[in-house]
2 protein chains.
Amino acid sequence: MDTTHRTTTDQQKPADQRRRELLEAADRVVLRDGPQASMNAIAAEAGITKPILYRHFGDKGGLYRALATRHTDALLAALRAALDAPADRRRRVESTLDTYLASIEAMPQVYRFLMHPAEEPHQSEQGFDVGRHSAPLLRRMGEELGQVIAERIDLGPGGEAQARIWGHGIVGMMHAAGDWWLGERPCSRQELVHALADVLWGRLAQAQDRPDGPGF
Amino acid sequence: MDTTHRTTTDQQKPADQRRRELLEAADRVVLRDGPQASMNAIAAEAGITKPILYRHFGDKGGLYRALATRHTDALLAALRAALDAPADRRRRVESTLDTYLASIEAMPQVYRFLMHPAEEPHQSEQGFDVGRHSAPLLRRMGEELGQVIAERIDLGPGGEAQARIWGHGIVGMMHAAGDWWLGERPCSRQELVHALADVLWGRLAQAQDRPDGPGF
DNA sequence: CACTGCTGTTACCGCAAGTAACATACCTCC
DNA sequence: GGAGGTATGTTACTTGCGGTAACAGCAGTG
């Protein structure tokens, strides 16, 4: 036996390469047809047939997870870079927001796919699994931002919990505003970035009520 | 002829009633099986067969849209009430956040369904239709909040645009934080509400850097 | 040579969306 | 009272997708 050794030396390289090729083909199809791309279409694009896809990725969810992980990793790397740039806090926040928005603006199809992954019907009785629908990308971004906040900002006792909440909340704000902006394009990217940073800087709390209204 | 008159007097009432019955049956199934409930299952629950559902709602997307509209309207009404309560701004923000979180906490299945509606493949060539995946509920909440902010708070020139951005952003923050919280339950609802209101009140901007880190 | 493990295929199953085509009751108008 | 339109309901079908046998060729190894 010792198949492990042999496979790692002889077969693993071509297998991994094949897997990458399949992922790239899947990428092309998903970018063209959207997340509802069929396994048949992906297999055809790769020049093969369905069962091979299933041998490599298990099921459709597996393939989509592999695809999503690639893109998510790339986006997270870009965001980390913006978050680590040497500048004051406001600039860094704006730069991170802008990096995110520029990414989704440049590749809306990828973005759409990442936010809407796989939908495995999967009737495994996991009871209340609320939250699975939200893309893993959002969770990962939220966790990372929460960690960054907890590491760098002094929030006193209970600060880690607060930081995680803020991480998820701020990421959600970025996501929802970006999603809406990408669909309607009501303003420039700069304006959007500025407005979002403003709300994080407390302008909602500081602004005056309108003279005639009851205030917000 | 004059079928219009007849239908409005004789047929419309039973037709509407039937439609409501069908929607309630669909509701039960969706709440039990999740958004992937099949049309057959819904028809069976209603005691009829598939084609009737299609005559009433067109396609699965139509049924799901009708269902979503009902729940969305209910949630929006609750939020409007919280937003209109007589209290200072901070209290009102907290009360609105709490209303939302209490709702999704009380009916996670409904929430899950609303955030993940129907997935109509719909290959109509609408080009970049990014953003459709995000539930209409989020858009409606964002628009309404933006309007409320624009009405009640004086943001100077360009304030309406800013208010809309804030509306969608804040709703997104609420949604993402709530989604994460509902899945992991890392803290009490009160704590979550407080932390989210805090970030809107600029605590992220005001907090001190940790002594050893480069700050956020 | 037989054996193992990988690649690939065709052909099938099950299931869900959606659609005829047909049957039946009611109500209206002549 | 009979003709016709309209809503109600049915069974039976098509299409398409996810997923799975079952089988076939082709390497390297004892």
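The model shown is predicted, which means the values in this text are computed figures rather than measured ones. A, B, ... follow the sequence lines: proteins, then strands. Residue 1 opens every chain.
Side-chain N/O atoms of Arg18(B) include none lying less than 4.0 angstrom from OP1 or OP2 on dA7(D). The phosphate of dG9(D) has neither OP1 nor OP2 within less than 4.0 Å of any side-chain N or O from Arg55(B). The shortest distance between the side-chain N/O atoms of Thr49(B) and the OP1/OP2 oxygens of dT10(D) is below 4.0 Å.
Remark: Ala161(A) pairs with no residue by the side chain to side chain contact (heavy atoms under 4.5 Å, CB included) rule, at least two apart or across chains. For the salt bridge (charged side-chain N to carboxylate O under 4.0 Å, His left out) test, residues two or more places apart in sequence or in another chain that qualify with Glu144(B) are Arg80(B). Every residue meeting the salt bridge (charged side-chain N to carboxylate O under 4.0 Å, His left out) condition with Asp98(A), not counting sequence neighbours, appears here in chain and number order: Arg189(A). For Trp166(B), there are no ring-ring contact (aromatic ring centres under 6.0 Å, His included) partners two or more places apart in sequence or in a different chain.
Look at CG on Leu22(A): it is 12 Å from C1' on dG8(C), rounded to the nearest Å. In this structure, the CZ atom of Arg19(A) is 12 Å from the P atom of dT7(C), given to the nearest Å. Gln17(B) has its CD atom 12 Å from the P atom of dT8(D), to the nearest Å. One interatomic measurement links the two molecules: CG of Leu63(A) to P of dC17(D), which rounds to 16 Å at whole-angstrom precision. Atom CG of Asp33(A) and atom C1' of dG16(D) are 15 Å apart (whole Å). Between Ile48(A) atom CD1 and dA24(D) atom P there is a gap of 21 Å when expressed in whole angstrom units.
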For nucleotides 11-17 of chain C, print each protein N/O atom paired with a nucleotide N/O atom at under 3.5 Å, atom names and distance only.
| from | atom 1 | to | atom 2 | distance (Å) |
| --- | --- | --- | --- | --- |
| dA17(C) | OP1 | Lys60(B) | NZ | 2.5 |
| dA17(C) | OP2 | Met39(B) | N | 3.0 |
| dA17(C) | N7 | Lys50(B) | NZ | 3.3 |

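Using bins of under 30°, 30° to 60° and over 60° for the plane-to-plane angle, the ring pair Trp180(B)/His168(A) lands in the parallel bin.
Residue His56(B) is the one, among His56(B) and Gly58(A), whose nearest nucleotide of DNA chain D lies closer to the 5' end (criterion: closest heavy atom).
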Going by atom type alone, with no hydrogens or angles, which donor-acceptor pairs under 3.5 Å involve a side-chain atom of residues 41-51 of chain B and a protein atom two or more places apart or on another chain?
| from | atom 1 | to | atom 2 | distance (Å) |
| --- | --- | --- | --- | --- |
| Glu45(B) | OE2 | Arg28(B) | NE | 2.6 |
| Glu45(B) | OE2 | Arg28(B) | NH2 | 3.2 |

